[in-house]
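Taking it in order: structure first as structure tokens, then the write-up.
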Amino acid sequence: MKLFKKVDARLVYSGLVIAFGAAVFFCAFNNLNSIKRFLKTLLYYISPVTSGLVLAYLLRPFAKFMERVPLKKIKSDKARVHISSLSAVVLLLVIIVFLVATLIPQIVSSATTFASNINDYIASAKVFIADALSHVDFIEVDVDKVIGSSDEIFKAIVNWVTNNGDLFANFLKEASSQLVNFIIAVAMSVYALLDRRNLKRGLLKLERVVLGKAKTERVNTILNRGDTLMMVFLSSNLLDALLIGAANFVFLSIFKAPYVLLLSVFLGAFNFIPTFGPIISGVIASVVMLMVKPDLLIGFIIFTVVLQQIDGNVIKPLLFGDSTGLSPFWVLVSIVVGGRVFGVAGMLLGVPAFALLSSLYSEIVDKYDKRSEPAPAEAAAGDTPATEAPPTPPEPPKPPKPEPQKPASAKKKFPHKSKKTKN
């Protein structure tokens, strides 16, 4: 019994927690494929709900803006919430319809023109490449064998489509499923926006019951910080993508390049993906430019490089500021990890999520680092060199001054009556 009394209970609990955590980690590590299949199946069934909640979260800033500015004169709070929520969803649908109505005809027309002029595009590309290689003596390349003719390219495409018919069937099936999920997600986002205040109150009550008041405030502070990071990142990226698309549209329109609108939307949309997006879109657009208008290829590459330098060194610092606080290395890590785990959504949202984790990590490390610092008195004692002269002792206190004594002849004056003299 004496032995158990000497054992610290905190050490026992810590050891049990560490052992349990290690066991869970190794079990999960040994069954990664099973866990991945389970999560994939779970996400497949709840994806319409999660997509609706994410869509409502993205539309929430516009709904709040509508509620506070244009609709602030409406006295009924319920009416303001309903009108602002429906306005946000209607705006989303209008944008989607506009993009589809604008881009689909452009894509069809561009594809038809491209297919009808494929022989001229290939011939011009061969001439351009051969002329460029003629100035390099140490490289000998047969351009006809590398690129081939249009008949060979069409034959390769037909063979690939024939051998991958199941892939196209699965693609059409997945596309129809995603369309149904999108319709359900839009409906879910409407109800989530309409009931967003009740949902928030319910979550706050659940947090207080589970975590308590103090931890609830801490968790909500972290969530508010993450919400701010996410909104700043997404809005700044959207504005940056619009600026890049507009700049490309002006450049391509001035030099009368083909597929101006399609290439501008493509370049602006891929610029939304940090780091990798501009590189991928620039390479694909350069290949298209090589085939359709090779005389503009060099100018387009120079313009793209200069525009990306201006975007990275001027536009993005003005838009983002130091909102993420991440170095380029950690931005790259967050994009790669987020993309590997969550795909395109992970590449888009990995940077603000990693920025939030990085800020929390810095706060925790700074907190414990301050605890490990010596006290001011100890630090001062430790910093005092050995050869330093000892401090001078304080001066002894001066004796108090004696109070001035009154003279003995001084008498108190009292009112008295004068004695009467006898006659």
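Note that the structure is predicted; figures quoted are calculated from it, not measured.
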Do you know which two heavy atoms are closest between [X] and [Y], and how far apart they sit?
X      : Y      : result
Asp295 : Lys293 : OD1-CG, 2.9 Å
Ser51  : Ala185 : CB-CB, 3.8 Å
Val190 : Leu86  : CG1-CD2, 4.0 Å
Met188 : Gly52  : CB-CA, 3.9 Å
Phe251 : Gly299 : CZ-O, 3.8 Å
Asn181 : Ser47  : ND2-OG, 4.0 Å

Separation between [atom1] of [X] and [atom2] of [Y], rounded to the nearest 0.5 Å:
X      : Y      : atom1 : atom2 : result
Arg218 : Leu211 : CZ    : CG    : 13.0 Å
Ser87  : Leu92  : OG    : CG    : 12.5 Å
Lys73  : Leu71  : NZ    : CG    : 11.5 Å
Ile279 : Thr304 : CD1   : OG1   : 12.0 Å
Lys78  : Leu194 : NZ    : CG    : 10.0 Å

Open item on the list: The test is side-chain contact (heavy atoms from CB on, under 4.5 Å); show your working for Asn220 and Leu204 and say whether it passes.
Closed with: CA-CA 9 Å; Asn220 288 335; Leu204 286 175; 3.3 Å; yes
Open item on the list: What verdict does the side-chain contact (heavy atoms from CB on, under 4.5 Å) test give for Arg197 and Asp77, after you've listed the backbone C-alpha separation in whole Å, the side-chain angles of each residue and the deciding distance to 0.1 Å?
Closed with: CA-CA 11 Å; Arg197 294 185 178 180; Asp77 187 64; 2.5 Å; yes
Is there a side-chain contact between [X] and [Y] in this structure, where contact means two heavy atoms from C-beta onward sitting under 4.5 Å apart?
X      : Y      : result
Met289 : Leu252 : yes
Asp311 : Asn271 : yes
Asn248 : Leu307 : yes
Ile83  : Glu67  : no

TODO: May I have the step-by-step check of side-chain contact (heavy atoms from CB on, under 4.5 Å) for Val186 and Ile183, ending in yes or no?
DONE: CA-CA 5 Å; Val186 171; Ile183 295 173; 5.9 Å; no
Pair up each side-chain donor or acceptor in residues 55-66 with any protein partner under 3.5 Å, not counting sequence neighbours, and list the distances.
unit_1: Tyr57; atom_1: OH; unit_2: Asp227; atom_2: OD1; d: 2.7
unit_1: Arg60; atom_1: NH2; unit_2: Asp227; atom_2: OD1; d: 2.7
unit_1: Arg60; atom_1: NH2; unit_2: Asp227; atom_2: OD2; d: 3.4

- [ ] Go through the side-chain N and O atoms of Arg196 and Ser85 and say whether any donor and acceptor fall under 3.5 Å apart.
- [x]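 Yes, because at least one side-chain N or O of Arg196 sits under 3.5 Å from a partner of the opposite role on Ser85.
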- [ ] Establish, from distance only, whether the side-chain atoms of Asn198 and Asp195 form a donor-acceptor pair under 3.5 Å.
- [x]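 Asp195 and Asn198 do have a side-chain donor-acceptor pair below 3.5 Å.
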- [ ] Step through the shown structure and confirm whether more than 12 heavy atoms of other residues, nucleotides or ligands are within 6.0 Å of CZ on Arg225.
- [x]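 For Arg225, atom CZ is crowded (more than 12 foreign heavy atoms under 6.0 Å).
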Let me check something: any side-chain donor-acceptor pairs from residues 254-266 under 3.5 Å, sequence neighbours excluded? List them with distances.
unit_1: Tyr259; atom_1: OH; unit_2: Tyr121; atom_2: OH; d: 3.3
unit_1: Ser264; atom_1: OG; unit_2: Phe249; atom_2: N; d: 3.2
unit_1: Ser264; atom_1: OG; unit_2: Val260; atom_2: O; d: 2.7

TODO: Quickly, which of Leu234, Asp240, Leu242 forms a side chain to side chain contact (heavy atoms under 4.5 Å, CB included) with Phe272? Name it, please.
DONE: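 The option that passes is Leu234.
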Please check if the side chain of [X] supplies one atom and the backbone of [Y] the other of a donor-acceptor pair under 3.5 Å.
X      : Y      : value
Ser236 : Phe233 : no
Ser177 : Lys173 : no
Ser84  : Val81  : yes

TODO: Take Arg208 and Lys213 through the side-chain contact (heavy atoms from CB on, under 4.5 Å) test and state the conclusion after the steps.
DONE: CA-CA 5 Å; Arg208 291 193 189 99; Lys213 186 177 180 181; 5.5 Å; no
